[in-house]
Every structure is written in C-alpha cells, then in structure tokens.
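These numbers come from the heavy atoms of this one structure, side chains and all, not from hydrogens, waters or symmetry mates. Nothing fancy with the numbering, it's 1 onward along the sequence.
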Amino acid sequence: MFLTRNILLQVLFGILSFFAVTTCHELTRAAVSTALGDVMPKNEKNITLNPLKYTEPIGAILFIITFLQGYGAFGWSKAVRTSPLYYKNRKRDSLLVAILPSVANLVFAFIVLILWKILPLHNSVISTFLNVLIVYNVSFAVCNCLPVPPMDCVKVLSLVLPPKQYFTYMQYEKIIQVVFIFLLIFRVFGSVLDTISLTIIRGMEYLLFFL
C-alpha cells in the first residue's frame, strides 16, 4: 500500500511540476513578446495561468517518463505563438523571446530554493515538492538549451546560423526528435543532463550561501 501511495505521489508531483514549469516558461514568452509590441499572444488568449494552454502531449508524457526514471525530467511545452513582425529590432527581440523563458525557469528555481532553505518544512511532503520544483525548473531550462526541435535553442539557431545551414539542419527535424526521445527514454545520455542540472543547482546553493 505504501509503494502504491509513493508511486501515485510521484506521478502527482510530476504532473504538478510540469504544469508549474511550463506555465512559467510559456507565460514568460507571451509576456516578453507582448512587452516588445507583439499582439499575437494577447489575441490568441495565451497570456494566462491556465497550464493546459501550454501542454503539449508528447512533451508532457516524456517529462513524466523521465521524471519517474531518475533525477531529472526532460520534455517540452506547447510554445506560445509569437510574431517578430511587431518587434522594433527583430533579431535582438526574437533572441530575448527565445532565451528569457529558460532564464525565468532558473529564477523560479532560485526563488523556490530560498523558500526550501528558510521555511521549517523539514522532510514534509511540501518540502519534497519544493525540491522537485527546483530540480525540474532547472532540468527544463537545460533541456531547452539543446538543439532539438521544438526546444528554444532551435529558435536561437534560426537567428544565428546562415539560412542555408539552418534549413539543411531542419530537414532532419523528425529524425533528430526521434533519436532524442529514444536517448532520453533509454537513459543513454540522461546522466549527462542530470549532471548539468545538479551543477547549476549547486551553483545556486553556493550563491545563496553568500546572500
């Protein structure tokens, strides 16, 4: 019975953390793009705290599977549609819209880490969930730094690579996605991503020590 409750609790934590992480990520994208003059997120009612607006089924399932397999959780959200046609400086503003959502996840993780450190929660369920939120915000940010569609890094590549090289790369989009999912599910390089995430969290703890 305890094992069943434990698994159900893990799944619940995975779902709640996915909703929190993706909402933070995509709401930041919508807010930043809107602040830069874009009207598309507002017109499509994507400036919202409703996590279902940002849920992409395959990305969500992959997130939960990798969550249950080990330390880090890796997946993707349903990206808010934006239009760079409204930006004053298209390249710079498009980079901001691509990069700042992951920065928001890291800031979110750092805030939760502060709460986890100062609140007298000890080994409670809430303490465990806060720990999960820290880990998966960082993991999600790390995942979005990978050059795999539909990660934000691909948007950055579209802005920094010559068009010919970018479109050549995107011809293999589906193959890259399938290989990426295969490697994650079978934990071929999951430990590398876990190590990167843990290193970032330790860096946050080190920074917190001096604040």
Side-chain angles (χ1 to χ4, degrees), residues 9-10 13-29 32 54 59-77 79 95-119 121-157 159-160 176-177 179-211:
L9 195 61
Q10 287 185 57
F13 281 170
I15 294 172
L16 291 178
S17 61
F18 177 79
F19 283 160
V21 166
T22 54
T23 299
C24 171
H25 193 89
E26 295 303 333
L27 182 57
T28 299
R29 188 193 313 282
V32 170
Y54 312 125
I61 292 170
L62 185 62
F63 187 94
I64 300 301
I65 289 174
T66 54
F67 168 81
L68 294 174
Q69 281 184 333
Y71 191 79
F74 305 96
W76 56 81
S77 54
L95 278 172
L96 289 174
V97 171
I99 294 171
L100 288 183
S102 293
V103 174
N105 283 123
L106 295 177
V107 172
F108 188 8
F110 189 65
I111 292 171
V112 176
L113 178 62
I114 293 173
L115 294 175
W116 186 68
K117 289 283 188 181
I118 65 176
L119 294 179
L121 299 172
H122 306 296
N123 293 321
S124 65
V125 172
I126 296 176
S127 175
T128 302
F129 180 62
L130 291 180
N131 191 18
V132 168
L133 267 182
I134 294 165
V135 172
Y136 300 126
N137 267 289
V138 174
S139 296
F140 200 76
V142 170
C143 196
N144 271 283
C145 291
L146 299 174
V148 177
M151 306 305 177
D152 290 340
C153 180
V154 177
K155 299 182 183 69
V156 175
L157 291 180
L159 297 167
V160 299
I176 294 170
Q177 283 182 335
V179 171
F180 174 69
I181 292 172
F182 177 86
L183 292 175
L184 277 183
I185 291 177
F186 291 96
R187 303 295 292 173
V188 175
F189 75 154
S191 59
V192 175
L193 298 179
D194 290 346
T195 300
I196 295 172
S197 298
L198 273 172
T199 302
I200 293 173
I201 293 171
R202 285 171 184 153
M204 289 180 177
E205 291 178 326
Y206 186 77
L207 179 62
L208 190 58
F209 179 79
F210 289 98
L211 293 181

Check: Which pair of non-hydrogen atoms, one from Cys145 and one from Cys153, has the smallest distance, and what is that distance?
Finding: O-SG, 3.5 Å

Notebook entry, point to check: What is the minimum heavy-atom distance between Leu113 and Ile134, and which atoms define it?
Noted result: CA-CD1, 3.5 Å

Heavy-atom side-chain contact between [X] and [Y] under 4.5 Å:
{"X": "Phe63", "Y": "Ser139", "answer": "no"}
{"X": "His25", "Y": "Ser102", "answer": "yes"}
{"X": "Leu95", "Y": "Val156", "answer": "yes"}

Notebook entry, point to check: What class does the angle between the rings of Phe129 and Phe13 fall in, given that below 30° is parallel, 30 to 60° is tilted and above 60° is perpendicular?
Noted result: tilted

Check: Got a salt bridge between Arg202 and Glu205, using NZ or NE/NH1/NH2 to carboxylate O under 4.0 Å?
Finding: no

Supply the atom-to-atom distance [X] [atom1] to [Y] [atom2], rounded to the nearest 0.5 angstrom.
{"X": "Phe18", "Y": "Thr23", "atom1": "CZ", "atom2": "OG1", "result": "8.5 Å"}
{"X": "Ile201", "Y": "Leu208", "atom1": "CD1", "atom2": "CG", "result": "13.0 Å"}
{"X": "Thr128", "Y": "Leu133", "atom1": "OG1", "atom2": "CG", "result": "11.5 Å"}
{"X": "Ser77", "Y": "Met151", "atom1": "OG", "atom2": "CE", "result": "9.0 Å"}
{"X": "Leu146", "Y": "Phe180", "atom1": "CG", "atom2": "CZ", "result": "5.5 Å"}

Note to self: Are more than 12 heavy atoms, taken from residues, nucleotides or ligands other than Leu115, located less than 6.0 Å from that residue's CG atom?
What the structure shows: yes

Check: Under the 3.5 angstrom rule, does the side chain of Asn131 hit a backbone N or O of Ser127 as a donor-acceptor pair?
Finding: no

Notebook entry, point to check: Just by modelled atom types, is the Val21 backbone N or O under 3.5 Å from a matching donor or acceptor in the Asn105 side chain?
Noted result: yes

Note to self: Using side chain to side chain contact (heavy atoms under 4.5 Å, CB included), reason through Asn137 and Leu106 one step at a time and then give a plain yes or no.
What the structure shows: CA-CA 6 Å; Asn137 267 289; Leu106 295 177; over 6 Å; no

